[in-house]
Amino acid sequence: MRRGAGLAHTRPPRQTTTGDKHVSATLGWIGLGRMGEAMVKKLLQAGHTVQVWNRTRSKAEPLAEYGATVVNSKLDLAGCDTVFTMVSTTDDLKEVLFGDGGVLTGATRPKTVIDSSSISQEGSAEIRARLEAMGVNYLCAPVSGNAKVAKAGKLLLVASGPKALYDANEPYLAAMSRKAMWVGEGELARVWKIAHNTMFGVIIQSLCEITVLAEKAGIPRHVFLESINDSVLGSMYTRYKTPVLTNLTFEQVTFTPKLLLKDMDLGLGAGKAHGVPMPSAAATRESIARMVGRGHDDVDFAILLQETAADAGLTIAPLNVPVGDGLSS
């Protein structure tokens with residue numbers, strides 16, 4: 001038997017009933033980057049039936065080994081009750097939903113769209129208005145964590161939209177995360193994600209600065225990072241970035257500098273819209289922009305450590321020291 005193939009075929013489709021809200025377990029998924037692939041696997045492992053589409057089909061085909069059905073077009077997902085999306089930008093989301101051959105361009109439409117992309121509050125509100133005008137429900141469901149965190153089942157998922165819609169789909173959200181939370185109506189989950197990723201940038205900036213300070217003063221880099229992880233300042237984030245900061249494996253990409261810059265701009269835009277001064281975020285944004293300007297594209301954003309060290313006149317090298325990422329059981 002193929003690995004995981006029996007998962008979808010030996011169990012009947014799982015159904016959830018919440019009050020008078022019924023949700024079919026037939027799910028569709030659009031967008032199979034590092035995060036999307038890991039999240040789909042969690043749904044499959046929980047026994048759900050998932051049909052998947054990706055612009056590059058070769059990225060979708062490995063999921064067939066886990067029980068997913070790979071479809072040929074976005075419109076093939078229109079018959080699913082719920083379609084999840086995980087793409088890069090607001091324009092990408094509009095394209096897969098409403099563009100040429102989009103999942104909502106046919107006579108048949110899904111009942112619900114759940115989007116886990118990192119997009120602006122304004123773009124999300126526009127998409128909600130278009131979906132609701134078509135009679136399609138919409139839930140925002142961004143996450144905290146990267147692909148490694150998703151594979152370990154330790155994502156935090158934060159949703160906003162109608163509470164009854166969240167309750168009906170909560171079993172799917174819980175299958176992909178260690179915890180799912182509803183934070184309110186409308187686009188509030190977008191605000192949460194923008195705030196989260198802005199802090200994400202500020203923390204990596206600070207962590208790189210103090211790590212370079214400690215190493216230049218004479219503390220071995222891995223020793224300093226271990227001490228931070230075991231202090232009151234340690235977190236899941238500092239722990240899972242410790243291996244790449246120790247061994248400089250920037251080619252193992254979790255999140256690129258360009259994507260981080262996009263999120264810092266969203267954060268500063270939200271601060272301006274709500275009248276909130278954000279001096280730390282503004283300084284971090286310029287640091288990330290400089291890194292992008294230097295041509296760091298398909299590498300992990302933790303290459304900021306190397307850039308910070310160079311600014312300090314310090315040449316750093318991989319330590320080739322085995323360190324844990326805090327994600328393993």
Side-chain angles (χ1 to χ4, degrees), residues 33-38 88-89 118 143-152 193-194 196-229 233-268 278 280-327:
R34 289 177 287 267
M35 286 293 295
E37 179 188 26
S88 296
T89 67
S118 295
V143 299
S144 171
N146 60 23
K148 290 179 68 176
V149 176
K151 289 176 184 177
K193 179 65 172 179
I194 290 167
H196 172 278
N197 278 20
T198 301
M199 185 174 178
F200 186 87
V202 171
I203 291 175
I204 194 64
Q205 177 71 40
S206 179
L207 184 60
C208 287
E209 290 175 5
I210 62 171
T211 300
V212 168
L213 171 63
E215 184 167 2
K216 192 168 185 181
I219 302 174
R221 189 161 72 245
H222 66 292
V223 173
F224 177 75
L225 287 166
E226 180 182 354
S227 71
I228 289 294
N229 290 337
L233 299 176
S235 67
M236 184 187 298
Y237 182 31
T238 65
R239 291 184 185 95
Y240 76 61
K241 295 313 294 184
T242 289
V244 65
L245 295 174
T246 298
N247 297 316
L248 311 187
T249 51
F250 305 126
E251 71 283 356
Q252 297 176 12
V253 183
T254 62
F255 199 60
T256 66
K258 186 175 181 180
L259 287 175
L260 181 55
L261 179 61
K262 179 204 76 171
D263 287 349
M264 297 303 299
D265 284 338
L266 288 174
L268 290 170
M278 302 177 70
S280 296
T284 298
R285 189 268 174 201
E286 294 309 305
S287 176
I288 304 301
R290 182 173 61 167
M291 185 166 58
V292 171
R294 289 176 175 173
H296 295 301
D297 294 323
D298 196 21
V299 293
D300 193 81
F301 69 93
I303 201 169
L304 180 61
L305 179 71
Q306 183 174 286
E307 294 293 299
T308 304
D311 288 342
L314 176 67
T315 300
I316 59 175
L319 298 181
N320 300 317
V321 174
V323 292
D325 58 12
L327 298 176

Please confirm whether the backbone N or O of [Y] pairs with a side-chain atom of [X], one donor and one acceptor, at under 3.5 Å?
X	Y	answer
Lys262	Thr89	no
Thr284	Ser280	yes
Ser227	Phe224	yes
Thr242	Thr238	yes

pair [X]-[Y]: side-chain heavy atoms closer than 4.5 Å:
X	Y	value
Lys258	Asp297	no
Leu248	Leu305	yes
Leu266	Lys193	no
Ile204	Phe255	no
Leu225	Leu207	yes
Met291	Leu261	no
Lys151	Leu327	no
Met264	Thr198	yes

To the nearest 0.5 Å, how far apart are [atom1] in [X] and [atom2] in [Y]?
X	Y	atom1	atom2	result
Ile203	Asn197	CD1	CG	10.5 Å
Ile219	Glu226	CD1	CD	12.5 Å
Ile303	Thr256	CD1	OG1	11.5 Å
Gln252	Lys148	CD	NZ	7.0 Å
Leu304	Ser287	CG	OG	4.5 Å
Lys241	Asp300	NZ	CG	3.5 Å

To check you understand the geometry: which heavy-atom pair defines the closest contact between [X] and [Y], and what is its length?
X	Y	result
Leu245	Cys208	CD2-SG, 4.4 Å
Ala281	Leu268	CB-CD2, 4.0 Å
Arg34	Ala147	O-CB, 3.6 Å
Gly326	Arg239	CA-CB, 4.4 Å

What residues, two or more places apart in sequence or in another chain, satisfy salt bridge (Lys or Arg N to Asp or Glu O under 4.0 Å) together with [X]?
X	answer
Asp265	Arg285
Glu215	Arg221
Glu209	none
Lys216	none

(message) If the condition is ring-ring contact (aromatic ring centres under 6.0 Å, His included), which residues does Tyr240 pass it with, not counting sequence neighbours?
(response)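 So Tyr240 forms a ring-ring contact (aromatic ring centres under 6.0 Å, His included) with Tyr237.
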
(request) Check ring-ring contact (aromatic ring centres under 6.0 Å, His included) between Phe250 and all other residues, then give those that pass, not counting sequence neighbours. (result)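 So Phe250 forms no ring-ring contact (aromatic ring centres under 6.0 Å, His included) with any residue.
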
Test of understanding: with side-chain hydrogen bond (donor to acceptor under 3.5 Å, both in side chains), list the residues that count as partners of [X], not counting sequence neighbours.
X	result
His222	none
Thr308	none
Asn247	none
Ser206	none

Using distance only, find each side-chain donor-acceptor pair of residues 311-324 under 3.5 Å and give its atom names and separation, not counting sequence neighbours.
| unit_1 | atom_1 | unit_2 | atom_2 | d |
| --- | --- | --- | --- | --- |
| Asp311 | OD2 | Arg290 | NH2 | 2.5 |

(request) For Ser144, check side chain to side chain contact (heavy atoms under 4.5 Å, CB included) against everything at least two apart and list the hits. (result)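 Counting only residues at least two positions away or on another chain, Ser144 forms a side chain to side chain contact (heavy atoms under 4.5 Å, CB included) with Leu156, Trp192, His196.
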
(message) Taking atom CE as the centre, does Met199 end up with more than 12 heavy-atom neighbours from other residues, nucleotides or ligands that are less than 6.0 angstrom away?
(response)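 Open.
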
